[in-house]
There are 2 protein chains.
Amino acid sequence: MTMEDRFVGADSPTDLTTSYSDHRACPVRDVLDRLGDKWSTLILVTLSQSPQRFNALTRAVPDISRRMLTETLRHLERDGLIWRKVTPSTPPMVSYGLTPLGTSLMPPLNALIAWAERNQPEIAAVRARFDGPIANG
Amino acid sequence: MTMEDRFVGADSPTDLTTSYSDHRACPVRDVLDRLGDKWSTLILVTLSQSPQRFNALTRAVPDISRRMLTETLRHLERDGLIWRKVTPSTPPMVSYGLTPLGTSLMPPLNALIAWAERNQPEIAAVRARFDGPIANG
DNA sequence: CTGTATCCTAAGCGATACTG
DNA sequence: CAGTATCGCTTAGGATACAG
């Protein structure tokens, strides 16, 4: 085991590609592709603070459209990551929150977010160097 | 601190939305949006096994087109996650591998992949229940 | 072998208007 | 309040052909 192996850790995932006769059938891709859309992560993080009503979510994520909010919530509910509770009052009240499954996703997700936060300055610097030579001549 | 807080961990990320006058300027979104495309994760995992040449990557990820492989590699290089080494032989030989920055991404990324792998059966079951009622009538 | 260039389609997403 | 319906733009991404 090399130093790099130790750093990467022993939790290397199983093969994501050649194990599957149909490559699109990979269960990891199946799950992660849904998380890779524009809003899912943001909604999950918001709901991990506390359950929220629909309108509260539009305020917490100001640049999402109602259409995309509805769609994202439905996808997350379909995957069992969030629950949806309807209180049939007038006006109606609909709340959303993390399920235990959704909660179990937050540690790895927060770790990834923390990595992004920690390393964004370096990434921005590398990008500038990468793009610079062309821009600067 | 609740049990859930402990489970989620103390590394809850900073605000991803309202902290930014322009919501698209969030540095975390800036980094994560690039990782959310169809191929980046797969390429990173593949390269974390060992550095690879272009053609080896097309074999390791059989369902990627050369166009998308080139584009994904460029993006990852631009973000400083992978390096690119050209050996000007004939025919030319180009290798790719993880940079230290890219390597530092693998633990959180592998943790997320491991979560997806662990929970895919449950997610599939929930999906079936969610979709079932309509399909079954 | 390692790409580029071009064309094309499908999907993601936003804007807007409407509804119980 | 919490959505749905419709439209159209923009982008991601696949297929194919060509090139150094």
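Note that this is a predicted model, so its numbers are computed, not measured.
We find that NZ of K85(B) is positioned 16 Å from C1' of dT2(C), with the value rounded to whole Å. The separation between F54(A) atom CZ and dA2(D) atom P is 8 Å, rounded to whole Å. One atom, CG of L69(A), and another, P of dC13(C), lie 13 Å apart when rounded to the nearest Å. When the C1' atom of dC1(D) is taken as reference, atom CG of L73(A) falls 14 Å away, rounded to whole Å. Atoms CG (D33(B)) and P (dG12(C)) sit 15 Å apart, rounded to a whole Å.
Nearest heavy-atom pair, T41(B) versus L35(B), reported as atom, atom and distance to 0.1 Å: OG1-O, 3.7 Å. Taking both residues in full, the closest heavy atoms of R84(B) and V86(B) are given as NH1-CG2, 3.4 Å, listed atom of the first, atom of the second, then distance.
A close approach under 4.0 Å does not occur between any side-chain nitrogen or oxygen of R84(A) and OP1 or OP2 of dA2(D). Put simply, R74(A) has a side-chain N or O that comes within less than 4.0 Å of OP1 or OP2 on dT4(D).
W39(A) places no side-chain N or O within donor-acceptor distance of the main-chain N or O of M68(A), the cut-off being under 3.5 Å. For the pair N119(A) (side chain) and E122(A) (backbone), a donor-acceptor distance under 3.5 Å is absent. The backbone N or O of S89(B) sits nowhere less than 3.5 Å from a side-chain atom of T87(B) that would complete a donor-acceptor pair.
Looking at which nucleotide of DNA chain C each of R53(B) and T70(B) is closest to, the 5′-most match is held by R53(B).
The side-chain heavy atoms of H75(A) and T72(A), taken from C-beta on, include no pair separated by under 4.5 Å. Residues M93(B) and S95(B) meet the side-chain proximity criterion, which asks for heavy atoms closer than 4.5 Å.
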Between R29(A) and D63(B), is a salt bridge (charged side-chain N to carboxylate O under 4.0 Å, His left out) present by the stated rule, with each step listed? CA-CA 13 Å; R29(A) 293 202 217 182; D63(B) 53 344; 3.2 Å; yes
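The stretch residues 88-97 of chain A touches DNA chain D through P91(A), P92(A), M93(A), V94(A), Y96(A), each having a heavy atom under 4.0 angstrom from the strand.
Salt-bridge annotation for R78(B) and D131(A): present, with a side-chain N of the basic residue lying under 4.0 Å from a carboxylate O of the acidic one.
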Indicate for each nucleotide in nucleotides 7-14 of chain D, in 5' to 3' sequence, whether protein heavy atoms under 4.0 Å reach the base (B), only the sugar-phosphate (S), or nothing (-). ------BB
